[in-house]
Visitor: 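One structure is given below, represented as structure tokens, and several questions about it will come after.
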Protein chains: 2
Amino acid sequence: MTNPSSGRREQIIQAAANLFCARGYEASSMRDIATTLNIEAASLYHHIKSKEEILETICFGMAETFLNGIREVNDIYFNAEERLRMAIQNHVRILTSNLSQSTVFLHEWRSLKGEKLIAFKQLRDQYEKGFRTIVQDGMNEDIFGEVDARFAVLSILSSVNWIAEWYREDGAMSSDEIASRISDFVLGGLRKKLVTDLDYKP
Amino acid sequence: MTNPSSGRREQIIQAAANLFCARGYEASSMRDIATTLNIEAASLYHHIKSKEEILETICFGMAETFLNGIREVNDIYFNAEERLRMAIQNHVRILTSNLSQSTVFLHEWRSLKGEKLIAFKQLRDQYEKGFRTIVQDGMNEDIFGEVDARFAVLSILSSVNWIAEWYREDGAMSSDEIASRISDFVLGGLRKKLVTDLDYKP
DNA sequence: TTTTGTGTCTAACAAACGTTAGGTGAAATG
DNA sequence: CATTTCACCTAACGTTTGTTAGACACAAAA
């Protein structure tokens, strides 16, 4: 391996993510992480600089993954509804394919400090902005009703992010199935549609 | 005061809630809480039994507040849509009127231990069940479309709970305004309504 | 065979943690 | 006035925290 100890490093970060996800960053000790890997706490420091660095790696790594997703979607020339469905599908796929790291990304970023915290919030804002563009486009295209885009996006993202609370890999619904249902819900709402509503889709 | 030191006790719990909300339970020390009140950490123990007890008081106190709300709503004989609007309004009001304790209720209950954790989850399930009843009734009344009630409720609650992330008392929107918008969103969805949709409301 | 590097170990560190014991001074109570 | 009660204090406890220093085992490279 050209990059020294990079394989072990990823193992450590994944083990840490699992612990941070289950108990939270502050409640997880370096000794806890080490025990998971059957080594001593001090041994971790040959692969990582500090506990803080682990959190930063997870948070910024996932932030980039999510951001790449929304950028790809917005580069495609589709209408707003299709793009929103794709963005949601993308989000749910990332979330479910690495649930631990996603949960850390969603919940534990509060423990970032100083400039790292500021930088992270900016990435998060950028992601929201990607969704806002879609909602705004939808309104311009006269597909979506007039809503507060910022407000709508926060509602959408919150629905999608809550998945992390209850999704388990052995569950009945697949990632894409969940995304599809959320999309329907977000687009159509709870209220019953009349057959005369020409825009109605299943 | 008949109950000794109960006034001071509430001050401590509120101060703790503010800290737990800002930095998380594990990251907040007894010395931090004490400093906020301009006393020493040891002095706290004249009013409370342990740090854990503070968290329990906040979590179970708020759980009861939320539960009383949904019970009142479901005791009233209104249709499902009206009851859902009331339940959401109620939820948002509680959330915004004590943002710190609500945030602790939503995020920090993970730090509860043993039987307390189990008991708390049960209360949470009961609250969700209250909402599920409304959604189910709405489907029976043929007001709501056919959806997975459990799924819909989680979406609704997640939207509502995300408020805690961005709501500030000095913000432009009032508590009831937020509740009203979320209700519209949840009921109507994003997609534009045609005028032929007789159920359409603003 | 020697050298170099990598991954882990033991041992220890200073700091921070939740919590307890026992004392002090002021206010309320008799 | 004497006594009790109350809210707080100082000092300290045992534990756990993140992290560092230095040694050892084992591999590949020279």
Side-chain angles (χ1 to χ4, degrees), chain A residues 1-59 104 108-117, chain B residues 1-59 104 108-117:
Chain A
M1 205 157 298
T2 51
N3 187 3
S5 78
S6 78
R8 196 57 166 154
R9 189 172 199 272
E10 280 163 28
Q11 283 180 19
I12 290 172
I13 286 169
Q14 187 58 46
N18 293 340
L19 269 171
F20 295 171
C21 169
R23 306 186 207 169
Y25 173 77
E26 303 282 355
S28 309
S29 73
M30 295 300 272
R31 284 165 181 83
D32 290 335
I33 299 170
T35 301
T36 299
L37 298 159
N38 287 313
I39 58 176
E40 294 298 314
S43 308
L44 296 170
Y45 288 84
H46 254 259
H47 305 90
I48 52 108
K49 216 190 71 190
S50 65
K51 189 188 177 190
E52 226 176 326
E53 193 205 38
I54 300 179
L55 180 64
E56 290 164 7
T57 304
I58 297 172
C59 287
V104 174
E108 305 300 328
W109 58 267
R110 294 165 187 273
S111 298
L112 292 170
K113 280 170 188 169
E115 47 185 25
K116 295 285 180 180
L117 178 58
Chain B
M1 205 157 297
T2 53
N3 186 3
S5 75
S6 76
R8 196 56 166 155
R9 188 172 199 273
E10 281 162 27
Q11 283 179 21
I12 290 172
I13 286 169
Q14 187 59 45
N18 294 340
L19 269 172
F20 294 171
C21 169
R23 306 186 207 169
Y25 173 77
E26 303 281 356
S28 310
S29 74
M30 295 300 272
R31 286 166 179 84
D32 289 335
I33 299 169
T35 302
T36 299
L37 298 160
N38 286 314
I39 58 175
E40 294 298 314
S43 308
L44 295 170
Y45 289 84
H46 253 260
H47 304 90
I48 51 110
K49 216 189 72 190
S50 65
K51 189 188 176 189
E52 226 176 327
E53 193 205 39
I54 300 179
L55 181 63
E56 290 165 9
T57 305
I58 296 172
C59 287
V104 174
E108 305 301 327
W109 58 267
R110 294 165 187 271
S111 298
L112 292 170
K113 281 169 187 169
E115 47 185 24
K116 296 287 180 180
L117 179 58

Visitor: Is it true that a side-chain atom of B:Lys51 and a backbone atom of B:Tyr25 form a donor plus acceptor pair closer than 3.5 Å?
Guide: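 Looks like yes, one N/O pair under 3.5 Å.
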Visitor: B:Glu10 has an atom CD; how far is it from atom P of D:dA7, in whole Å?
Guide: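 Those two atoms, CD and P, are 13 Å apart.
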Visitor: Measuring from the side chain of B:Ser50 (C-beta onward, heavy atoms only), which nucleotide among C:dT10, C:dT19, C:dT20 has the closest atom?
Guide: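 The answer is C:dT19, which lies nearest to the side chain.
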Visitor: Assess, by modelled atom type and distance only, whether the side chains of A:Asp32 and A:Thr35 contain a donor and an acceptor separated by less than 3.5 Å.
Guide: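 A:Thr35 and A:Asp32 do not have a side-chain donor-acceptor pair below 3.5 Å.
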Visitor: To the nearest Å, how far apart are A:Lys51 NZ and D:dT16 P?
Guide: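 Value for this atom pair: 15 Å.
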Visitor: Between A:Arg9 and A:Glu53 (salt bridge meaning N to carboxylate O under 4.0 Å), is one present in this structure?
Guide: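 Looking at A:Arg9 and A:Glu53, the cut-off is met.
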Visitor: Counting N and O atoms only, with roles assigned by atom type, does the side chain of B:Arg31 sit under 3.5 Å from a partner on the main chain of B:Ala41, one being a donor and the other an acceptor?
Guide: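 A pair under 3.5 Å: no.
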Visitor: Atom CD of B:Glu53 to atom P of C:dT19: distance rounded to whole Å?
Guide: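 To the nearest whole Å, that distance equals 10 Å.
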Visitor: Phosphate oxygens OP1/OP2 of C:dT6: is one of them under 4.0 Å from a side-chain N or O of A:His47?
Guide: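 No, A:His47 has no side-chain N/O under 4.0 Å of OP1/OP2 on C:dT6.
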Visitor: In whole Å, what is the span from the CD atom of A:Glu52 to the C1' atom of D:dG18?
Guide: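 To the nearest whole Å, that distance equals 11 Å.
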Visitor: For B:Arg31 and C:dT20, give me the distance from atom CZ to atom P, rounded to whole Å.
Guide: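 Whole-Å distance recorded here is 13 Å.
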Visitor: Please confirm whether the shortest side-chain N or O distance from A:Ser43 to OP1 or OP2 of C:dC9 is below 4.0 Å.
Guide: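 For C:dC9, OP1 or OP2 has a side-chain N or O of A:Ser43 closer than 4.0 Å.
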Visitor: In whole angstrom, give the distance that lies between atom OH of B:Tyr45 and atom P of D:dA12.
Guide: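 About 19 Å, once rounded to whole Å.
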Visitor: Mind calculating the distance between CG (B:Leu37) and P (D:dA7) to the nearest angstrom?
Guide: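 Interatomic distance, CG of B:Leu37 to P of D:dA7: 14 Å.
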Visitor: Distance check: side-chain N/O of A:Ser29 vs OP1/OP2 of D:dT16, anything under 4.0 Å?
Guide: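 Negative; the distance criterion is not met.
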Visitor: Taking OP1 and OP2 of D:dC6, is either one under 4.0 Å from a side-chain nitrogen or oxygen of B:Arg8?
Guide: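 It does not, given that no N or O in the side chain of B:Arg8 lies less than 4.0 Å from OP1 or OP2 of D:dC6.
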Visitor: Could you check how far CE of A:Met30 sits from C1' of C:dC17, rounded to whole Å?
Guide: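 One finds 18 Å between C1' of C:dC17 and CE of A:Met30, rounded.
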Visitor: Hey, does the side-chain of A:His46 have a donor or acceptor N/O within less than 3.5 Å of a partner on the base of C:dT8?
Guide: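 Flag set: donor-acceptor pair detected.
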Visitor: Go through the steps to decide whether B:Leu19 and B:Thr36 satisfy the test side chain to side chain contact (heavy atoms under 4.5 Å, CB included), and finish with yes or no.
Guide: CA-CA 9 Å; B:Leu19 269 172; B:Thr36 299; 3.9 Å; yes
